[in-house]
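Quick notes on the structure that follows.
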Amino acid sequence: DAGVIQSPRHEVTEMGQEVTLRCKPISGHNSLFWYRQTMMRGLELLIYFNNNVPIDDSGMPEDRFSAKMPNASFSTLKIQPSEPRDSAVYFCASRLGLAGGTDTQYFGPGTRLTVL
Amino acid sequence: GESVGLHLPTLSVQEGDNSIINCAYSNSASDYFIWYKQESGKGPQFIIDIRSNMDKRQGQRVTVLLNKTVKHLSLQIAATQPGDSAVYFCAENGGRSGYSTLTFGKGTMLLVSP
């Protein structure tokens, strides 16, 4: 079975440019999470969706960040305009999400973003 | 707010030794705990989980122990191998199983010398 798929794996861009990160969750999972990981702050939850609906976006750092989930098999995280401090590894994770089920999240390989 | 923390940021062991990685949690509502392994350049990988109605669970070469009295979680790795070198994270669900988010600890780096 394919796990969580993320693209691109690496992104280098210049300050001020728009960046779009993509995620395909595991088929049948109905919860999707976006995380950011840095050495200083560790793994931070940015936003998560249940059944394609954003449930909690309190971790989104500012209005420059936005996330969408137009259908159960695709999500995007967009940064516009990007800044050097956005440089990090961004992970997408999915979860089966059934009531009474486990809370195990399965992570993708991540996108390493560098903003110059 | 309540959070998950780790006692040891780096643990160095010799190949073949047993490793113990510790984690303290503070949210008494948490009823599900997970250990993840993250190798360099990869995403966190599920290792083992445990529910609060258990105090021990074993997998292949790994054992998770849960002490709810002192809110402590540990991961034991038997016969540690160089391939076990990675950062290990514990995570708790804060209760509301199936609908909750996970709170991750800062991570412990395990270094295994041949």
Side-chain angles (χ1 to χ4, degrees), chain A residues 1-7 9-10 21 23-26 29-51 53-60 88-112, chain B residues 1-6 8-10 23-25 27 29-54 57 59 62 64 66 73 75 86-109:
Chain A
D1 283 343
V4 175
I5 299 172
Q6 290 187 248
S7 65
R9 294 295 312 277
H10 302 273
L21 311 182
C23 176
K24 176 179 170 55
I26 294 172
H29 284 193
N30 59 20
S31 298
L32 183 141
F33 305 79
W34 282 103
Y35 290 88
R36 178 172 66 178
Q37 186 177 45
T38 61
M39 289 296 293
M40 291 298 295
R41 301 173 70 90
L43 200 58
E44 301 174 279
L45 177 65
L46 300 177
I47 186 171
Y48 84 97
F49 297 82
N50 272 351
N51 296 315
V53 176
I55 301 300
D56 183 356
D57 65 354
S58 60
M60 297 286 262
V89 181
Y90 290 81
F91 288 104
C92 176
S94 70
R95 178 185 73 191
L96 186 59
L98 297 176
T102 71
D103 296 297
T104 303
Q105 297 177 21
Y106 296 89
F107 285 77
T111 295
R112 180 173 295 276
Chain B
E2 296 182 309
S3 63
V4 175
L6 293 174
L8 300 173
T10 303
C23 175
Y25 68 95
N27 190 341
S30 291
D31 58 8
Y32 183 70
F33 305 87
I34 307 172
W35 280 100
Y36 285 91
K37 172 187 180 183
Q38 186 176 20
E39 297 175 270
S40 180
K42 298 183 178 180
Q45 178 185 7
F46 170 85
I47 302 174
I48 192 167
D49 58 2
I50 189 168
R51 291 201 174 278
S52 58
N53 61 354
M54 303 172 68
R57 191 168 188 214
V62 295
V64 55
L66 175 63
L73 192 69
L75 177 70
V87 177
Y88 290 81
F89 294 94
C90 62
E92 59 173 334
N93 75 340
R96 299 179 65 238
S97 181
Y99 296 97
S100 64
T101 59
L102 293 176
T103 300
F104 288 83
K106 294 298 184 184
T108 292
M109 177 170 286

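Sequence lines set the chain letters: A, B, ... in the order given, protein chains first and strands last, and positions in each chain run from 1.
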The interface call for Glu44(A) against chain B, heavy-atom contacts under 4.5 Å, is neither

Would you mind telling me which of Phe91(A), Tyr35(A), Tyr106(A) makes a side chain to side chain contact (heavy atoms under 4.5 Å, CB included) with Pro44(B)? Phe91(A)

Roughly how far apart are Tyr48(A) OH and Leu102(B) CG, rounded to 0.5 Å? 10.5 Å

Segment of Gln38(B) engaging chain A (4.5 angstrom heavy-atom cut-off): side chain

Please round to the nearest 0.5 Å and tell me the distance separating atom CZ of Arg41(A) and atom NZ of Lys106(B). 8.0 Å

Roughly how far, to the nearest 0.5 Å, is the CD atom of Gln105(A) from the CZ atom of Phe104(B)? 5.5 Å

Note: Ile34(B) and Thr104(A) closest approach over all heavy atoms is CD1-CA, 3.6 Å

